[in-house]
Amino acid sequence: MLLIKLITMKRRRIVVAAGFCLAFFLGTLMNLLYIPGFEHHQNHDHRVHRYYHEKQQRITGDSQLQVGESVTEAVAESNSKPAVGSRHHQDLLLQIRERFDEVVRYRQRQAHGSGTGDPVRQLERRRLMDSEPGDNWDPVKVIERTDNRQTRFQNRPSPSIYMHTASRKDFTMTLSSVNGTRMLGCSSIDNVTNVQYLGSGYTKAVYKASLNNSLSVALKSVDFGGHDMENCVKKYGSPGDCYRLASFKIVKEMTLMERLQHPNILKLYGYCYQDSNDIQDTVTAITELGSPLEMIQLLQTSWEERFRICLSLVRLLHYLAHSPLGSVTLLDFRPRQFVLVAGELKVTDLDDASTEEAPCSPSDCVMEFPARNFTLPCSRGRCLGINEKRNLYNAYRFFFTYLLPHSAPPTLRPLLDKIVNSTGELIWGIDETLLQLEKVLHLYRNGFYLQNSTQTHIRDYKHVVDASIHEENYRCWPSYQHDGCLLSVFSITEAIGVCESHAQCQAFVLTNQTTWTGHQLVFFKTGTASLSSAKGRVTYVRVGS
Ligand SMILES: Nc1ncnc2c1ncn2[C@@H]1O[C@H](COP(=O)(O)OP(=O)(O)OP(=O)(O)O)[C@@H](O)[C@H]1O
């Protein structure tokens with residue numbers, strides 16, 4: 001009986017959630033199955049987990065950083081692999097060189113489009129010039145210092161001194177500040193506590209840790225047991241060079257985090273280079289902590305929170321389209337590349353970001369997606385606006401279609417549908433898309449989405465000051481609290497409208513909490529038996545029939 005009752009009570013919620021989940025799964029399945037160049041990401045390996053355990057012990061200071069067991073195994077397997085100095089091995093060195101060059105390009109690139117008179121760009125340019133080499137912060141300093149040595153090394157057989165060997169201290173001392181903010185270094189992560197594994201991908205493993213038992217951060221390093229390292233060591237048999245190759249992804253990410261400053265890009269707090277027993281200069285990035293994005297969970301949250309994520313994303317893409325480095329595209333755009341920080345969406349994985357616009361001849365500028373292709377104009381040998389358009393279409397297919405329209409206020413639906421359609425067809429660019437989403441925010445924040453139909457019910461509610469109801473809770477969707485009905489409203493009129501639409505609702509209590517749009521959180525109640533005095537609180541009780 002209880003089960004049947006529960007099922008009945010939750011039926012609406014389950015049906016809604018199931019509907020979303022089904023749509024989400026069917027839709028994303030197609031998308032996720034096809035991501036050019038990223039097919040390998042779907043794999044996972046038990047050895048990765050074994051490494052997390054080993055690594056967790058190392059981070060907490062149990063021992064020096066070691067080469068992971070799976071890498072050792074891979075080295076054993078790779079005895080038959082080409083010798084150091086062979087052409088095959090040179091291929092690995094070439095890849096390292098390419099990644100090195102890419103990082104240096106980002107590091108040295110001047111503000112894009114300077115001299116346009118745009119004050120924001122001019123400000124960006126000044127900021128960049130202020131932090132040109134010579135500034136204390138420079139995650140590639142370790143590499144740049146060896147650039148000359150590297151040039152000489154082109155014809156050398158041994159890769160072992162490819163990277164500069166530096167003691168930890170060197171880097172701790174050169175670390176100072178970036179954009180006026182003091183950076184963390186190796187000493188900051190010596191005594192981290194509460195280390196927890198957060199996630200890993202193809203290359204990196206990410207841990208949560210507390211510094212001084214106060215600041216929680218994310219620690220990102222190369223996953224020795226990950227696919228990237230394992231495949232490389234199997235192929236080339238050189239853990240040290242494979243590590244260098246993989247670590248450039250972290251160095252690139254740190255460089256972009258420093259170059260691209262925006263509220264929706266995760267903050268870099270610092271980094272640490274440490275020699276390990278077997279590998280020199282292993283790098284750990286220390287970044288802002290987020291929580292991984294769970295699409296299924298998001299589908300169950302309020303429209304207001306889902307809209308916030310879409311707006312964050314569009315603000316981010318607008319910045320990337322006009323960034324100081326030029327138009328930046330996120331080649332790997334899956335939701336797992338983003339995290340949430342206090343409800344805001346932030347991009348975390350920048351190692352697949354690119355500023356290169358695809359080269360073309362006039363006839364072959366085609367942008368391909370699983371469900372459709374777009375033909376773009378080819379101008380001066382480059383596909384015009386491809387970076388911006390790729391980001392926007394990915395935002396449409398991974399985020400907007402699932403998060404924007406469902407359970408939105410009915411009066412906003414036409415505008416939201418237009419946003420979804422116009423981005424899905426790439427009719428709008430990012431500037432227009434941002435303008436329209438900011439318009440939605442304006443309408444929502446100022447209550448212009450409300451219809452007048454609830455006015456007539458106001459006289460049916462009694463206003464009780466300095467009173468609250470502690471019990472008489474019921475569940476509703478999409479509540480901000482799981483065991484009660486806590487919803488956000490623009491006004492008392494809207495709260496009355498909500499109460500009228502819930503069969504159980506007999507009263508509601510205003511809280512002093514507000515959401516990110518300034519809406520007030522209100523508890524809806526089934527009755528008033530536990531009504532009691534509470535200074536400063538206001539309760540509305542239904543008195544009409
Ligand atoms: N700052 C962070 N806070 C919380 N979780 C994070 C953070 N950074 C990354 N993660 C989690 O760790 C996972 C792996 O991180 P990341 O994407 O940088 O690794 P990767 O090896 O580049 O992965 P991929 O194979 O997707 O490229 C992410 O999917 C994300 O869920």
Side-chain angles (χ1 to χ4, degrees), residues 28 31-32 35-45 47-49 51-52 55-56 59 68 70 99 102-103 184 189 192 194-211 215-232 242-243 245-258 260 262-271 283-298 309 312 316 329-354 394 398:
T28 46
N31 290 331
L32 294 176
I35 300 168
F38 293 100
E39 296 82 357
H40 46 253
H41 286 191
Q42 308 304 320
N43 304 325
H44 211 72
D45 194 303
R47 271 179 283 197
V48 175
H49 296 290
Y51 177 71
Y52 301 142
K55 183 160 184 201
Q56 184 150 332
I59 286 184
S70 62
R99 287 197 190 170
E102 188 189 13
V103 170
L184 301 175
I189 55 171
V192 290
N194 303 325
V195 179
Q196 280 171 34
Y197 166 67
L198 281 179
S200 60
Y202 190 69
T203 309
K204 295 163 263 163
V206 185
Y207 291 83
K208 172 184 176 177
S210 291
L211 308 187
L215 179 68
S216 287
V217 296
L219 301 177
K220 227 182 222 201
S221 50
V222 170
D223 185 355
F224 281 79
H227 292 274
D228 212 355
M229 275 297 283
E230 200 175 331
N231 292 345
C232 176
C242 286
Y243 179 84
L245 185 67
S247 69
F248 270 103
K249 289 199 172 179
I250 294 181
V251 176
K252 173 179 172 184
E253 199 161 278
M254 292 198 299
T255 303
L256 288 178
M257 279 179 178
E258 186 267 337
L260 304 171
H262 188 265
N264 298 108
I265 297 177
L266 226 61
K267 291 267 165 300
L268 178 70
Y269 290 153
Y271 61 93
V283 61
T284 302
I286 311 165
T287 73
E288 191 175 9
L289 178 70
S291 46
L293 205 63
E294 299 289 346
M295 275 311 236
I296 302 294
Q297 252 171 31
L298 279 185
I309 287 166
S312 314
L316 169 69
T329 191
L330 303 174
L331 290 170
D332 188 357
F333 205 96
R334 291 165 304 157
R336 53 174 287 169
Q337 312 302 329
F338 300 87
V339 292
L340 288 181
V341 180
E344 280 281 313
L345 183 91
K346 301 199 181 201
V347 61
T348 168
D349 190 353
L350 283 170
D351 62 35
D352 294 308
S354 169
N394 276 325
F398 285 115

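Both counts, for ligands and for their atoms, begin at 1 and track the order of listing.
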What do you reckon, does Arg334 put a non-hydrogen atom under 4.0 Å from ligand 1?
yes
Considering only heavy atoms, which of Arg336, Lys204, Lys267, Gln337 lies nearest to atom 19 (O) of ligand 1?
Lys204
In terms of atom number and element, which parts of ligand 1 are under 4.0 angstrom from non-hydrogen atoms of Thr287?
1 (N)
Between Asp351 and Glu253 the two heavy atoms that sit nearest each other are N-OE1, 3.3 Å
Between Asp228 and ligand 1, which part of the residue brings a heavy atom under 4.0 Å of the ligand: side chain, backbone, both or neither?
neither
Short list, please: which atoms of ligand 1 are under 4.0 Å from a heavy atom of Gly201?
14 (C), 19 (O), 20 (P), 21 (O), 23 (O), 24 (P), 25 (O)
Under a 4.5 Å cut-off applied to non-hydrogen side-chain atoms, are Leu245 and Asp228 in contact?
no
Where's the contact between Ser200 and ligand 1, heavy-atom distance under 4.0 Å: side chain, backbone, both or neither?
backbone
Between the side chain of Lys252 and the main-chain N/O of Ala353, is any donor-acceptor distance below 3.5 Å?
yes
Which of the atoms in ligand 1, numbered in the order shown and given with their element, are less than 4.0 Å from a heavy-atom of Ala218?
1 (N), 2 (C)
Check whether any side-chain N or O of Asn194 sits under 3.5 Å from a backbone N or O of Ser210 as a donor-acceptor pair, and report yes or no.
no
Ligand 1 atoms in contact with Gly199 (distance to a heavy atom under 4.0 Å):
12 (O), 13 (C)
What heavy-atom pair brings Asp223 and Ser200 nearest, and what distance separates the two atoms?
OD2-CB, 4.0 Å
Can you give me the closest heavy-atom contact between Tyr207 and Tyr197, atom names plus distance?
CD2-CA, 3.6 Å
Ligand 1 and Gly290, any nitrogen or oxygen pair closer than 3.5 angstrom?
yes
Which one holds for Leu266 and ligand 1: side chain close, backbone close, both close, or neither close, with close meaning a heavy atom under 4.0 Å?
side chain
Decide salt bridge (Lys or Arg N to Asp or Glu O under 4.0 Å) for Asp349 and Arg336; before the verdict, give the C-alpha distance in whole Å, the side-chain angles of both, and the deciding distance to 0.1 Å.
CA-CA 9 Å; Asp349 190 353; Arg336 53 174 287 169; over 6 Å; no
Does ligand 1 have an atom under 4.0 Å from some heavy atom of Lys208?
no
With side chains defined as the heavy atoms from C-beta onward, is the minimum distance between Leu198 and Val206 less than 4.5 Å?
yes
Asp349-ligand 1 polar pair, N/O distance under 3.5 Å:
yes
Quick one: which ligand 1 atoms are inside 4.0 Å of a heavy atom on Glu288?
1 (N)
Residue Thr203 vicinity, atoms of ligand 1 by number, heavy atom under 4.0 Å:
21 (O)
Please check: side-chain N/O of Arg99 versus main-chain N/O of Phe248, any donor-acceptor pairing under 3.5 Å?
no
Below 4.5 Å, heavy atoms only, C-beta onward: do Asp352 and Tyr202 meet side chain to side chain?
no
Going by the order shown, which atoms of ligand 1 are within less than 4.0 Å of some heavy atom of Val339?
4 (C), 5 (N), 6 (C)
State the atoms of ligand 1, each with its element, that fall below the 4.0 Å cut-off from a heavy-atom position in Pro292.
31 (O)
Is Glu253 in polar range of ligand 1, meaning some N or O pair under 3.5 Å apart?
no
Less than 4.5 Å apart, side chain to side chain, heavy atoms only: is that true for Thr287 and Met257?
yes
